[in-house]
Amino acid sequence: MTVRVVQWATGAIGKTCLRGVLDAPDLDLVGLYVYGDRKVGRDAGTIARRPEVGVLGTHDRQEILDLDADVVIHSPRLQLPYELHDDDLCALLRSGKNVITTAGNHYPAAHGPARAEMFEKACADGGTTLFGVGVSPGVIGERIAMTLASTSLDLDAIDISEVFDASGMTSPDFVFTVMGMGTDPATVDLLDGPLPGLYRTLYSETLMFMADRLGLHDYVITDDHHFELAPAELDIGAGTISAGTVVATEWRWHLSVGGRRRLSLAIIWTMDPSLPRYAGRPHWFLRMTGKPELTMSIDLHDPVDAAVRTTGGQYITAGIVLSAIPAVLAAPPGILQPVTFAPYRFA
């Protein structure tokens, strides 16, 4: 049976998902929501560098809501505030469309019962399912680390770090506003302002999902951030970073119980991968201490063909999205969460 799909947003991740939908014989694109005016009225195939398919981009939300579709691939950029996309998500769910989103919402319960209940009600009203996906959050902690933990006889702690070379990103708004690169730390609060708040909201979902599945209670999450400043002016894909401004961000949190660290998560983005602090480090590194002690390194590689503009990060996110479609369609109404087989549980 062919699955009717709406693609929502056509940025770097959205276009990769869109190509995946167009290339899949069992998926039928029936709608395309776009943000940019220049994409309104353009054929989805043209936007995706594929033959025309007769589905045109629209910026009319009601037009999308009125479509008969099985699932919406919702892939707008993460933006301030974190809740910016809530109204769209709930409207899509109430309209009878399942939603797979790459814009957070991996574990809404992390932010209290009211947020989870908001999405649960929208799902109940539409008979639909919401699934937040991604690599991190989404897979590294929620699936891979939890699977490693399930091999433990006596688990002490899990430490996860991500190091991502973001120098090739080309959106000035995303790089300089949402990522905080090029920021003067003397004039912008990078420890307790809107930006650290955004990332704490997003990544606390990973930590709290893991903690809840591991049976941890009465935990607290503390910040432990660090920033590297550019030693000299640096040209990157999105523009120029001035000397003395932020060239790398380390968003780091620790989840502790009774003063003892149990989970740590560091998200490190750098515009200069040659900095000694980051050179040679894997994209993801997981360390599990206890009995046994385990480490795992994961590296993501871009295509070797220079003519291919799609990055490894875009491919892996789209793969996670498209692979999730059957599970989302088969799930009962509500918020879908990853399942860990025989998880480790703290006593």
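The figures that follow rest on heavy atoms only: side chains count, while hydrogens, waters and symmetry mates do not. Predicted, not measured: the structure shown is a model, and the values here were computed from it.
Shortest non-hydrogen contact noted between S204 and A110 is O-CB, 4.4 Å. When all heavy atoms of L195 and V178 are compared, the pair lying nearest together is CD1-O, 2.9 Å. Contact detail for I298 and I144: the closest heavy-atom pair is CD1-CD1, 3.8 Å. For the pair V247 and A230, the tightest heavy-atom approach, listed with the atom from each and the gap, is CG1-N, 3.7 Å. Here the closest non-hydrogen pair linking P338 and F209 is O-CZ, 3.6 Å. Shortest non-hydrogen contact noted between L229 and G244 is CD1-O, 3.7 Å.
Within a 6.0 Å radius of CG in D192, no more than 12 heavy atoms belonging to other residues, nucleotides or ligands are found. Around CZ of R309, the count of heavy atoms belonging to other residues, nucleotides or ligands within 6.0 Å does not exceed 12. The environment of D37 atom CG is sparse: at most 12 non-hydrogen atoms of other residues, nucleotides or ligands sit within 6.0 angstrom. More than 12 heavy-atom neighbours from other residues, nucleotides or ligands sit within 6.0 angstrom of CG on D299.
Of the N and O atoms on the side chains of T128 and K97, not one donor lies less than 3.5 Å from an acceptor on the other residue. Inspection of the T58 and E63 side chains reveals an N or O donor paired with an N or O acceptor under 3.5 Å. Judged by distance alone, the side chains of H106 and Q337 never bring a donor and an acceptor atom under 3.5 Å apart. Looking at S264 and H254, their side chains do bring a donor and an acceptor atom within 3.5 Å of each other. Judged purely by distance below 3.5 Å, without hydrogens or angles, the side chains of E250 and S161 never pair a donor atom with an acceptor atom. In this structure, a donor-acceptor pair under 3.5 Å is present between the side chains of D272 and S274. With hydrogens and angles left out, the side-chain atoms of D212 and Y219 include a donor and acceptor closer than 3.5 Å.
In this structure, the side chain of D184 does not engage the main chain of T245 through any donor-acceptor pair within 3.5 Å. Although no hydrogens or angles enter the test, the distance criterion places a donor-acceptor pair under 3.5 Å between the side chain of T129 and the main chain of P332. In this structure, the side chain of S323 engages the main chain of G319 through a donor-acceptor pair within 3.5 Å. Panel note: side chain T177, backbone F174; no donor-acceptor pair is recorded below 3.5 Å. Distance alone, capped at 3.5 Å, is enough to place a donor-acceptor pair between the D302 side chain and the G312 backbone. A donor-acceptor contact shorter than 3.5 Å is absent between the side chain of D224 and the backbone of R252. Using a distance-only test at 3.5 Å, with no hydrogens or angles considered, no donor-acceptor pair links the side chain of S256 to the main chain of G259. Proximity of a side-chain donor or acceptor of H74 to a complementary backbone N or O of I100 within less than 3.5 Å is not detected. Looking only at distances, a side-chain donor or acceptor of S152 sits under 3.5 Å from a matching main-chain atom of D154.
Salt bridge annotation for R261-D159: absent, with no cationic side-chain nitrogen under 4.0 angstrom from a carboxylate oxygen. With respect to D173 and R77, no salt bridge is recorded, no charged nitrogen being found less than 4.0 Å from a carboxylate O. Ionic pairing of D68 and R4 is present here: one or more N-O contacts between side-chain nitrogen and carboxylate oxygen are shorter than 4.0 angstrom. R61 has a carboxylate O that lies under 4.0 Å from a charged side-chain N of D87, or vice versa, which qualifies the two as a salt bridge. Taking the charged nitrogens against the carboxylate oxygens, E142 and R213 have no contact shorter than 4.0 Å, which rules out a salt bridge.
Of the inter-residue distances, the one linking L155 atom CG with L148 atom CG reads 10.0 Å to the nearest 0.5 angstrom. Note that the CD1 atom of I158 and the CG atom of L286 stand 8.0 Å from one another [nearest 0.5 Å]. Atom-to-atom distance recorded for R281:CZ and D165:CG is 13.5 Å, nearest 0.5 angstrom. Between the OG atom in S136 and the OH atom in Y203 there is a gap of 5.0 Å [rounded to 0.5 Å]. From L336, atom CG reaches atom SG of C123 across 10.0 Å, with rounding to the nearest 0.5 Å. Taken to the nearest 0.5 Å, the CZ atom of R345 stands 13.0 Å off from the OG atom of S150.
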query = Between L56 and R42, does a side chain to side chain contact (heavy atoms under 4.5 Å, CB included) hold up when you go through it step by step?
reply = CA-CA 5 Å; L56 305 182; R42 293 186 66 193; over 6 Å; no

message = For a salt bridge (charged side-chain N to carboxylate O under 4.0 Å, His left out) check, start with the C-alpha distance between D223 and R200, then their side-chain angles and the critical distance, and finish with the verdict.
response = CA-CA 8 Å; D223 301 339; R200 181 185 174 96; 2.7 Å; yes

query = Given W284 and V139, is the side chain to side chain contact (heavy atoms under 4.5 Å, CB included) satisfied, shown in steps?
reply = CA-CA 11 Å; W284 291 282; V139 169; over 6 Å; no

task = Please report the C-alpha distance between T2 and D28 in whole Å, then the side-chain angles of each, then the deciding distance to 0.1 Å, and finally whether the side chain to side chain donor-acceptor pair (under 3.5 Å) criterion is met.
result = CA-CA 6 Å; T2 300; D28 181 22; over 6 Å; no

query = Could you walk me through whether T46 and E52 pass the side chain to side chain contact (heavy atoms under 4.5 Å, CB included) check?
reply = CA-CA 6 Å; T46 302; E52 291 190 356; 3.7 Å; yes

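Separation of the H225 and W253 ring centroids falls under the 6.0 Å cut-off. The distance between the ring centers of W269 and Y278 does not fall below 6.0 angstrom.
The shortest side-chain heavy-atom distance between L214 and Y344 falls under the 4.5 Å cut-off. Two residues are said to be in side-chain contact when any heavy atoms from C-beta on lie closer than 4.5 Å; V133 and T102 meet this criterion. Residues T201 and Y199 form no side-chain contact, since every pair of their non-hydrogen atoms from C-beta on lies 4.5 Å or further apart. Side-chain contact between V257 and H217 is absent, with no heavy-atom pair separated by less than 4.5 Å. With contacts defined as side-chain heavy-atom distances shorter than 4.5 Å, the pair R143/I320 qualifies. Between L265 and L255, every side-chain heavy-atom pair lies at or beyond the 4.5 Å cut-off. By the 4.5 Å heavy-atom criterion applied to side chains, V53 and L22 are counted as neighbours. Within the 4.5 Å cutoff, no side-chain heavy atoms of V246 are placed close to those of E228.
Partner N105 forms a side-chain hydrogen bond (donor to acceptor under 3.5 Å, both in side chains) with one of R115, H111, H85 and no other, that one being R115. Considering R260, R287, K291 as possible partners of D156, the one that fulfils the salt bridge (Lys or Arg N to Asp or Glu O under 4.0 Å) test is R260.
Counting only residues at least two apart or on different chains, no ring pair (Phe, Tyr, Trp, His ring centres under 6.0 Å) pair has a member in residues 308-329. Residue pairs meeting the side chain to side chain donor-acceptor pair (under 3.5 Å) criterion with at least one partner in residues 16-27, sequence neighbours excluded, are R19-T310, D23-R50.
Side-chain heavy-atom separations under 4.5 angstrom define the hydrophobic clusters, and the remaining members of the one that includes M118 are V6, W8, V30, Y33, Y35, I64, L65, L67, V72, L89, L92, L93, V99, F119, L130, I335.
Under the 4.5 Å side-chain heavy-atom criterion for ILVMFWY residues, a single connected hydrophobic cluster contains both M208 and F346.
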